[in-house]
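Residue numbers start from 1 in every chain, and the chains themselves are labelled A, B, ... in the order their sequence lines are given, proteins ahead of strands.
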Amino acid sequence: MFDLESAIRKWKKGLAANPGLEDGTRAELEASLRDEIADRVRRGRCPEEAFRRVVEDMGGADALGREFFKVHAAHRFGAPSWARSGFSPGLLLSYAKIAVRKIRRQKGYALINIAGLAVGLACCALMVLWVRHERSFDRFHANGASIYRVIKKTSTGGSTMLDARTPFPLGPAVLGRVPEVVDFCRFQGYEGRNVKRGDTVVTLADNFGTADPSFFRMFTFPLVEGDPRTALDGPDSLVLTQSAARQIFGTAPAMGQAVTRVGGFGTYRVTGILKDFPKTSHIRVDSLVGIHHDAPAHDVAENDWATLFYYTYIQLAPGASADTAARKIAAVLNGNVKDLKAEIVLQPLRDVHLRSSFQWDLDNTAQGSQATLTLFTLAALGVLLLAIVNFMNLSTARSANRAKEVGLRKVSGARRSEILGQFLGESVLLAFLGLAAAAGIVSAALPLFNSLAGKNLAFSGLLEPLPGLGLVGMTLLTGLLSGLYPAVFLSAFQPSHVLKGGVVSGGRAQAALRKGLVVVQFALTLFFVMGTAVVARQLKYVRAKDLGIDVRGVVAGIAYVGDFNPVRSALLANPAILSAGMAEPPNKEQRGLSGVFWDGKDPSDESQFFPLTVGEDYLRIFQLKLAEGRFFSREFPTDAAESVVLNQTAARLLGPGSAVGRRMTIGRRAYSVIGVVRDFHQTSLHRPIEPMILRNGDSSTCARIDPKADRRETLAFIESTLKKFSVVPDSSVFLEFIDDRVDGFYAAERKVEAVLRLFTAVALFTACLGLLGLASFLAEKRTREIGLRKVMGARTTGLVGLQAREFAKWILVAGLIAGPAAYYAAGRWLSGFAYRTNMPAELFVLAILGTLAVALLTVGYQSLRAAWARPAEALRHE
Amino acid sequence: MPKITTSRALVAASARPIVLALLLGGESYGYRILARVRLVSGGTLKWSSAMLYPVLHRLEKDGLIRSEWRASEEGRMRKYYLITEAGREEFLAEKARWSEVHDALKKFWRRADALDPLKQER
């Protein structure tokens, strides 16, 4: 409802703001307003409209004020002194001059601010580079948006399992029956990089791969030579990448030439040359064979729905719904596999690199992790936040220095908005100085970061329009954010107060805010410290854990020898070699077998078995213990064809009672269980111990070296021995210490730890910078208090303790905030390990104490200096 | 015929003699002055409050009029303006000045009309 009285009251308030309108004038105007409204209402207007029209006719407060001002002004022209002045470039110059002067006069504070902002921005710039790189994966495919990878999702007993592998016949079966699917391509990559041309063995840089002929049609992987339609058709077709072809054939033409894949896979003829895979492709191999000729080599029949081995990629029709397609594909899958109730998840091609954490996923590419990326991005923003807080704290703390300037500017006619603009401009200027310094830091730190993160990022990536503008925008935002509170605070000064020499400490509320911000800073820093501590602890635990398998001093390598027995004897002739034989050493990734059956197997049992091919000396080499039955033996020549040994986990799957003597079918072959080996960790501790089937056969050559012997000398001996017996002349032998390899299982975690350490150091540094600034400010402010205390007999230790206690209190509060948060976050991270360390309270207490120590050392000097000052000097002023 | 609007400067210049003339007829207050001017001029002169009140204040400052706050018939406080002796003299002077200008203008108009080809044709 319109209320005339309140409307008039409001209107009067508007007039009151104008200095040109005195009380009497306003009363007169009001009287006039009321007269006219009354007149209009008499003529039949409604009060609301009458009011509106009259106010409109009368004009705004500014116009009225200007006219009345003229009555008293000496001249009739020009704006009154309070009116909005136009833009004056001279002032801008003055702002810049003041800003530069402030920076020069208070070098320490400027340095703290710029350094903090630079470090924060540098962290963000690094993250921008990294995130851009990680997100650029698989973006180059022309059909990219419509390609998906088929993920099988099964639920057993409440837990769901996502498997990137799907049955071999799924792709062809889906193509006819699901209209949304217009194309499919199966793919898999293999370990093993050795090929032979004639008699020379060449080790390629990347793995082998196998794919459907649709590979070249669906994906954008162009062939340089050869016909994409037929290149993968023949039983002996082989497509090489350009660099692989160059490696094998040099400058000689490769097309039509013969290449042998070492490892009993036969000889192929080069039918196509593929442009090298982009570095940002999750599919990266050096050679490709047709999948129809690869499947039989892995005991996978064309109609084998039981074995999971290949990845299936599908292309959907334009505009087709992925959800609908997924449901239909699931129906096809479940219809073909007895008792299967699986769901299908279609994973967009662009998500494969960053969002794959499925069982038995690609391991032959540098797989990214969205979680790690998010973690580090947040960490970088956290460091930037620390720098912003520093800026806010120091600027408001030192605001007394600016009070007179603000007062004077205001008296000379500056409006609050102008002063606000001036201070925001100053903080933006500092932020851009920080950006310039950040550029220097990034270019200097990039090699270190690259080696820590295992990337090859280039500085030039920041100069591209999008990330470049993004960074500039971020800097601007940083400047505004850090300057906003100080600007609001400083511009609010009343000139009459500050010019009279009033105190502008900001009062209690501001001190509380400052303390709160310091607490936030240290909470963030402590979070980093605690997180790093937990990660380091887990890595230590992983290294110290008894794996049930002893890999220390075990060397493994692939040698191409005919009969292994003479090799073994030759190796054992060296007293430094304790045992030698053929075995499959622990590996980071394992491929499970799903087509394992036994009498009484629950048809819904989806258990995967991990096959290992080992020789008779396996137990001795790796110091494994037999739990039951016997192990493979040279006395039983039939072992290779008929016997398997299980681990305890696998034996348990077979049901109660002894597993020894039971029959099992793997693929199409039947075996009997002759023994059970004690559980051991064949792969990283991320995974629980999984059921394993050991078969007797040829594998890598492994040897255990006496820990007392010279490692290098013995290694050279093994290498020369293997070369001597090699059936492939001039072939090189690649030997690897398995303890190093096992250590490498946790390379990703160590990467996380290394980057986290870096961030922790940077965060601690930034937070301490802020603390340093604040401490010196507080010491300065307390000069008189300290002087008085000294006069009254206080000791230096007591005075330093006084300050230390205050900072310690803040950090303890920060610890109370950071502790639970870090506990939760670290717990989530640890849950990625099947075997994990605990998180004792001491760890967190230690983190707090350590940080406290660093913080006290930082402020200690400032406190000492204040405490040492002669009280006479402190008290003389006044 | 182009629409005749009175320029700001002309309005401002004529405000003084008009207000003085009005107040010669007796005391008045802001809104009534506005209403009278509109009525007498037949709507040609539309003054706004933002224009009138500063003029009143200036006249008062110059001592040509004086003002007093009194309660109106409706009981509201209202500022009444009365002309002073100096104001009467100033009114006469203004009247003389404007008449001179008016006479001069009249002569010029006649000459201008004589030279206007459109007028001659008619």
| Between B:Tyr53 and A:Leu29, is any pair of side-chain heavy atoms under 4.5 Å apart? | yes
Applying a strict 4.5 Å limit to non-hydrogen atoms, the region of A:Ala27 in contact with chain B is both
> Within a radius of less than 6.0 Å around CZ of B:Arg70, do more than 12 heavy atoms belonging to other residues, nucleotides or ligands occur?
Replying inline: yes
Turns out that what part of A:Asp35 lies under 4.5 Å from chain B's heavy atoms comes down to both
Of all heavy-atom pairs linking B:Trp69 and A:Gly24, the shortest is CZ2-O, 3.7 Å
*Take atom CZ in B:Arg111; do more than 12 heavy atoms of anything else shown fall under 6.0 Å from it?*
no
Nearest heavy-atom contact between B:Ser48 and A:Asp57 is CB-O, 3.8 Å
Checklist entry - Above 12 or not: heavy atoms from other molecules or residues under 6.0 Å from CZ of B:Arg36? => result no
Among residues 77-105 of chain B, residues within the sub-4.5 Å heavy-atom range of chain A, in order of number, are B:Met77, B:Arg78, B:Lys79, B:Tyr81
Note to self: Within a 6.0 Å radius of atom CZ on A:Arg40, are there more than 12 heavy atoms belonging to other residues, nucleotides or ligands?
What the structure shows: yes
Taken in chain and number order and not counting sequence neighbours, the residues that satisfy side-chain contact (heavy atoms from CB on, under 4.5 Å) with B:Val37 are B:Ile18, B:Leu22, B:Ile33, B:Leu45, B:Trp47
